Student: 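To start, I am sharing the structure in question, which I have written as structure tokens.
Lettering of chains follows the sequences in order, A, B, ..., and the numbering in each one begins at 1. Everything numeric in this text was worked out from a predicted model, so none of it was measured.
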Amino acid sequence: MMYSEKVMDHFMNPRNVGEIENPSGVGTVGNPKCGDIMKIYLDIEGDVIKDVKFKTFGCGAAVATSSMATELVKGKTIKEAMKITNKAVMEALDGLPPVKVHCSVLAEEALQAALWDYAQKNGIEIEGLNPPKEDHDHHHDISEDNE
Amino acid sequence: MMYSEKVMDHFMNPRNVGEIENPSGVGTVGNPKCGDIMKIYLDIEGDVIKDVKFKTFGCGAAVATSSMATELVKGKTIKEAMKITNKAVMEALDGLPPVKVHCSVLAEEALQAALWDYAQKNGIEIEGLNPPKEDHDHHHDISEDNE
Amino acid sequence: MQKIYFDHAATTAMHPKVVEAMVPYFTENFGNPSSIYEIARKNKQALDEARDKIAKLLGADPREIYFTSGGTESDNWAIKGIANAYKEKGNHIITSAIEHHAVLHTCEYLESKGYEVTYLPVNEHGQVDPQDVLKAIKDNTILISIMYANNEIGTIQPIEEIGRIAREKGIVFHTDAVQAVGHIPIDVKKANVDLLSLSGHKFHGPKGVGVLYIRKGIKIKPLLHGGAQERGRRGGTENVPGIVGLAKALEIAVENMEENTQKMTELRDYIIEGIKSRIDHVKLNGHPTDRLPNNINFTFDFIEGESLLLLLDMKGIYASSGSACTSGSLDPSHVLLAIGLPHERAHGSLRITLGDENTKEEADYLLEVLPPIVQRLRDMSPLYEIYKKEQNLN
Amino acid sequence: MQKIYFDHAATTAMHPKVVEAMVPYFTENFGNPSSIYEIARKNKQALDEARDKIAKLLGADPREIYFTSGGTESDNWAIKGIANAYKEKGNHIITSAIEHHAVLHTCEYLESKGYEVTYLPVNEHGQVDPQDVLKAIKDNTILISIMYANNEIGTIQPIEEIGRIAREKGIVFHTDAVQAVGHIPIDVKKANVDLLSLSGHKFHGPKGVGVLYIRKGIKIKPLLHGGAQERGRRGGTENVPGIVGLAKALEIAVENMEENTQKMTELRDYIIEGIKSRIDHVKLNGHPTDRLPNNINFTFDFIEGESLLLLLDMKGIYASSGSACTSGSLDPSHVLLAIGLPHERAHGSLRITLGDENTKEEADYLLEVLPPIVQRLRDMSPLYEIYKKEQNLN
Ligand SMILES: Cc1ncc(COP(=O)(O)O)c(C=O)c1O
Ligand SMILES: Cc1ncc(COP(=O)(O)O)c(C=O)c1O
């Protein structure tokens with residue numbers, strides 16, 4: 001498994017690590033069983049994500065995707081943030097090894113969970129946003145035995 | 001598979017190769033299927049093997065055991081010749097690789113077949129001598145699969 | 001930056017003398033040992049000498065030494081070969097929950113073929129209880145396979161005792177000794193084993209070559225069908241350079257074992273104590289004393305292993321988190337789960353496995369860089385955040 | 001005395017450039033490719049590069065290249081792995097009577113497990129008739145395995161045509177190309193094969209390393225269960241030096257193939273004509289034109305092969321009688337029997353397999369020493385005695 005330079009940069013120098021006191025929204029996804037937990041804090045003013053922070057328990061890719069996802073949404077409107085998919089995160093990182101693609105999915109989900117939390121707290125509806133899934137049962141099967 | 005120096009010597013410089021015209025006895029054993037045929041000619045005078053010759057189609061060990069067997073019986077009495085077992089031939093050759101032990105058996109059998117022929121022709125009985133077996137179905141299984 | 005290799009359980013560098021021993025067989029004495037002419041005979045002789053040497057070093061007979069392509073083939077062959085040969089007698093196999101995947105996945109495969117497998121649990125230190133083995137034996141049990149020493153946590157099993165039970169009950173006993181051979185003294189007779197797997201590259205020998213010891217009289221079916229090599233039991237042109245290298249490596253390892261064991265045990269315990277005294281919320285995995293002289297395995301709460309490895313890599317330190325073989329998978333180590341660690345703690349493990357070239361200076365460097373790395377990852381961890389909040393509430 | 005190696009089908013010397021390519025991975029870049037740190041990544045990269053190179057040289061995709069321990073493992077894996085994966089579809093396998101033992105003994109093993117195997121006959125030149133393949137196909141046929149070129153008599157099979165038939169019928173097609181790869185041009189796509197076995201040491205690469213090409217979309221079960229290496233299909237720490245060496249050897253072989261083929265074909269035909277014109281009661285075995293450029297196989301009536309080899313050895317000439325692998329057995333070559341030779345003639349065969357370093361001078365030396373050796377053995381042979389007596393009678 002080899003990480004791109006971008007991934008290594010965001011892993012070694014993660015942007016936006018930390019917490020936000022009294023966040024507008026917070027989302028936690030993943031579970032320790034799978035080895036990744038991401039927590040994203042949002043500070044939203046009006047329609048705009050003013051600040052974003054994260055904490056992550058997980059592998060290099062988990063940290064890097066969290067970092068990149070927070071970078072991508074910072075300063076964006078909610079509508080713009082809704083367009084940040086796992087693919088966008090991966091591309092911004094110059095790709096991920098196949099076994100690590102799920103980390104980018106997790107980053108997308110963490111972001112959306114935080115937005116959902118914000119929407120719930122404020123009784124608003126965000127177009128295209130679904131409630132976070134309860135448990136993540138990732139299927140990491142790379143065997144091709146039955147390809 | 002490695003041959004001893006003695007085996008190589010008797011293979012490279014086989015003693016007693018050839019035929020005897022009007023032999024006292026001649027014995028042929030082995031079959032081409034197994035890859036070895038030995039033919040031994042005896043010239044017997046009174047009780048003594050005056051001369052002995054052989055022809056062999058076969059591997060290095062087959063040639064060497066034929067050569068050694070003929071050397072061992074040359075000048076011996078019939079009774080003494082009857083004591084030349086395959087073991088004696090092998091020992092005289094400083095041993096044979098396990099897969100080649102059957103060659104020494106063949107040499108013993110060829111000798112006995114020639115003696116049998118002599119006994120038949122002359123209507124005498126040699127103690128301990130059995131008629132040659134018809135066909136040799138050697139079992140060369142070195143696998144230990146079912147050891 | 002200095003580079004420190006602390007992952008000797010994953011693989012080792014070839015010893016220069018091993019390379020030296022192999023070189024003549026690359027371009028000069030290259031013949032096929034099955035042929036009969038001079039150059040081939042030289043290879044046959046080299047093969048015989050290697051076999052004799054290895055047999056002697058293991059307390060075996062040369063005819064009990066069979067060459068394979070490594071630990072994985074040896075394990076597969078032992079288990080499938082016995083299962084196949086003894087299938088008239090029964091279809092039950094006993095193994096442990098902490099075996100290497102080469103054993104576990106082979107057993108799972110056999111389950112799919114109608115065999116029944118008992119996976120014995122281990123205690124918190126990773127040891128199988130011989131009484132559990134005894135209790136698991138049934139009328140249809142045909143094989144017991146318990147590893148000599150574990151590749152992740154270094155725990156050494158009570159092999160002699162398990163072997164005695166197997167022998168008494170007349171059941172074939174295999175041990176995966178891939179991590180043990182060359183590191184601790186092994187005598188196949190004393191250990192009461194019927195089959196034993198080893199792999200060259202784990203003790204400074206070449207990769208891609210191993211041995212399966214098969215005690216005389218044990219029936220086994222081939223795994224690799226083909227030519228009449230290895231007494232008709234394992235086909236394939238013999239890897240003469242590799243085999244010569246393996247024999248040389250084992251010889252060197254056994255010659256220096258006493259000295260190396262002492263040196264490594266000291267270094268191991270120095271690092272263990274150093275980590276315990278410098279970092280909180282850590283746990284040493286594996287047995288406190290019945291462990292390989294070169295194995296250190298810690299769990300660091302609240303953090304994940306790969307991140308830890310990457311940061312250590314940046315500092316020039318090469319270590320591992322669980323078995324290197326399992327890094328393709330994302331599941332936490334089955335060994336750490338089997339000794340009772342919860343999933344999140346199993347993810348946060350660090351394995352350091354020493355070699356004889358490691359020094360106290362390297363250990364000191366590790367003990368210097370490790371604490372801030374662990375702290376950095378904890379500061380980033382939502383699990384640590386939760387823990388601290390809970391502490392504040394109390 | 002000069003030494004002439006005429007047994008390149010048994011094994012070959014490693015090319016010096018192959019050794020050179022491997023050396024860095026012995027003691028310096030020795031990491032386990034499954035690990036994540038720097039030195040391991042270098043190994044992973046070397047592995048990827050070797051895979052890419054081999055794929056390119058065979059016309060395959062890198063993800064279709066799987067590393068094994070040699071031709072025998074590749075053959076065993078292909079056949080057992082397909083048999084296992086397709087057992088719901090059927091249990092019938094088609095192969096030929098002249099396959100290598102790695103294929104034949106594997107098929108026999110599968111017969112003991114309830115599979116049904118058709119062993120197709122060959123014509124006097126050792127070729128399988130594609131129409132025979134077609135006729136042998138049944139509803140329950142799951143695999144066709146026909147070798148690319150024979151190791152004893154050098155006959156090249158009509159692989160493309162057999163492949164086309166297999167493809168049309170939707171049946172998996174494996175070819176044992178151990179003797180063909182590196183010697184004749186091979187493109188897996190053009191050849192219509194689904195699986196292809198090759199072995200490094202047959203083209204100046206290292207012993208103990210091979211490849212199984214598995215076409216994308218083909219289902220196969222593992223033979224060596226274990227770690228997640230080789231995309232989860234073949235466990236075991238990768239033999240990086242061996243793999244790098246194999247890739248290098250194949251590259252060199254393919255680069256020089258045209259030139260070598262021309263050179264060897266000329267030398268081959270020179271020797272064939274030379275033997276025919278100098279010795280009577282001889283027969284060239286194998287196909288007159290569809291044969292490997294380096295293969296010569298003669299039967300000398302009335303004499304036995306091993307004796308011939310020993311006497312040639314004394315003259316410094318290393319050759320073979322049938323496959324080197326079978327020399328542990330005493331049965332005459334199944335290949336020679338299959339092309340219709342009676343037993344005694346099958347025993348009297350000589351195989352000469354050329355390498356690019358062989359010269360016309362060496363050929364002349366062979367042609368000089370061979371006739372008296374054959375004569376000497378005939379003079380010792382009771383079969384020749386019978387023949388001559390019969391001649392005199394007529
Ligand atoms: C046609 C053929 N198939 C398979 C093999 C087996 O290859 P290896 O000995 O490298 O396992 C050989 C060589 O011995 C061969 O010639
Ligand atoms: C305990 C154990 N068994 C088996 C193996 C497999 O050995 P190899 O990778 O040499 O096939 C390993 C190493 O990976 C191991 O540590």
Student: Do D:D313 and C:R41 come within less than 4.5 Å of each other through their side chains, counting heavy atoms only?
Tutor: yes
Student: Rounded to the nearest 0.5 Å, how far apart are NZ of C:K221 and OG of D:S112?
Tutor: 7.0 Å
Student: I'd like to know whether D:T27 forms a side chain to side chain contact (heavy atoms under 4.5 Å, CB included) with C:V19, so could you lay out the CA-CA distance, the side-chain angles of the two residues, the decisive distance to 0.1 Å, and finally the verdict.
Tutor: CA-CA 8 Å; D:T27 54; C:V19 179; 3.8 Å; yes
Student: Of the non-hydrogen atoms in C:H101 and D:G227, which two are nearest, and what is the gap between them?
Tutor: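 Of all heavy-atom pairs spanning C:H101 and D:G227, the closest is CB-N, 4.2 Å.
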Student: Let's test your reading of the structure: which of C:I243, C:L104, C:L224 forms the most heavy-atom pairs below 4.5 Å with chain D?
Tutor: C:L224
Student: Quick check on C:T12 against chain D: is it the side chain, the backbone, both or neither that has a heavy atom closer than 4.5 Å?
Tutor: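 It is the backbone, since no side chain atom gets that close.
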Student: C:A40 versus chain D, heavy atoms under 4.5 Å apart: side chain, backbone, both or neither?
Tutor: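 C:A40 has no heavy atom closer than 4.5 Å to chain D.
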Student: Mind checking the CZ-CE spacing from C:F26 to D:M14? Nearest 0.5 Å is all I need.
Tutor: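 The CE atom of D:M14 is 5.0 Å from CZ of C:F26, to the nearest 0.5 Å.
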Student: Answer yes or no: does atom NZ of D:K87 have more than 12 heavy-atom neighbours from other residues, nucleotides or ligands under 6.0 Å?
Tutor: yes
Student: Check whether any side-chain heavy atom of D:E38 sits under 4.5 Å from a side-chain heavy atom of C:Y318, and report yes or no.
Tutor: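 D:E38 vs C:Y318: side chains touch.
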Student: What are the two closest heavy atoms between D:G226 and C:H105, and how far apart are they?
Tutor: O-ND1, 2.9 Å
Student: Working to the nearest 0.5 Å, report the span between CD1 of C:I36 and CG of D:L309.
Tutor: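 CG of D:L309 is found 4.5 Å from CD1 of C:I36.
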Student: Counting only non-hydrogen atoms closer than 4.5 Å, does D:E108 touch chain C with its backbone (N, CA, C, O), its side chain (CB onward), both, or neither?
Tutor: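 Answer is neither: D:E108 stays 4.5 Å or more from chain C.
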Student: Tell me if the NZ atom of C:K3 is crowded by more than 12 foreign heavy atoms within 6.0 Å.
Tutor: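 More than 12 heavy atoms, drawn from other residues, nucleotides or ligands, come within 6.0 Å of this atom.
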Student: If only atom types and distance count, is the side chain of C:H225 paired as donor or acceptor with the main-chain N or O of D:A102 below 3.5 Å?
Tutor: no
Student: Where on D:S199 is there a heavy atom nearer than 4.5 Å to chain C: the side chain, the backbone, both, or neither?
Tutor: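 Neither part, no heavy atoms under 4.5 Å.
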Student: Should C:N84 and D:K113 count as side-chain neighbours, where that means a heavy-atom distance under 4.5 Å?
Tutor: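 Yes; the side chains approach each other to less than 4.5 Å.
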Student: Taking the side chain as every heavy atom from C-beta outward, state whether D:L312 and C:Y37 have any atom pair closer than 4.5 Å.
Tutor: no
Student: Heavy-atom distance under 4.5 Å to chain D: side chain of C:I39, backbone, both or neither?
Tutor: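 Contact with chain D is through both the backbone and side chain of C:I39.
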Student: Within a 6.0 Å radius of atom CD on D:E28, are there more than 12 heavy atoms belonging to other residues, nucleotides or ligands?
Tutor: no
Student: Using a cut-off of under 4.5 Å for heavy-atom pairs, which of D:V103, D:L310, D:I317, D:T106 has the most such pairs with chain C?
Tutor: D:T106
Student: Distance from C:H201 atom NE2 to D:N32 atom CG, nearest 0.5 Å?
Tutor: 7.0 Å
Student: Looking at side-chain heavy atoms only, is the closest gap between D:K207 and C:Y25 below 4.5 Å?
Tutor: no
Student: With a 4.5 angstrom heavy-atom cut-off, is it the side chain or the backbone of D:L223 that approaches chain C, or both, or neither?
Tutor: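 The answer is both parts of D:L223.
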Student: Would you mind checking which part of D:N239 comes under 4.5 Å of any heavy atom in chain C, side chain (CB onward), backbone (N, CA, C, O), both or neither?
Tutor: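 Interface part for D:N239: both.
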Student: Let me confirm one number: the OH-OG distance from D:Y5 to C:S35, rounded to the nearest 0.5 Å.
Tutor: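 Those atoms lie 6.0 Å apart.
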Student: Counting heavy-atom pairs closer than 4.5 Å to chain C, which one of D:N76, D:T11, D:V240 comes out on top?
Tutor: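 Highest number of pairs under 4.5 Å: D:N76.
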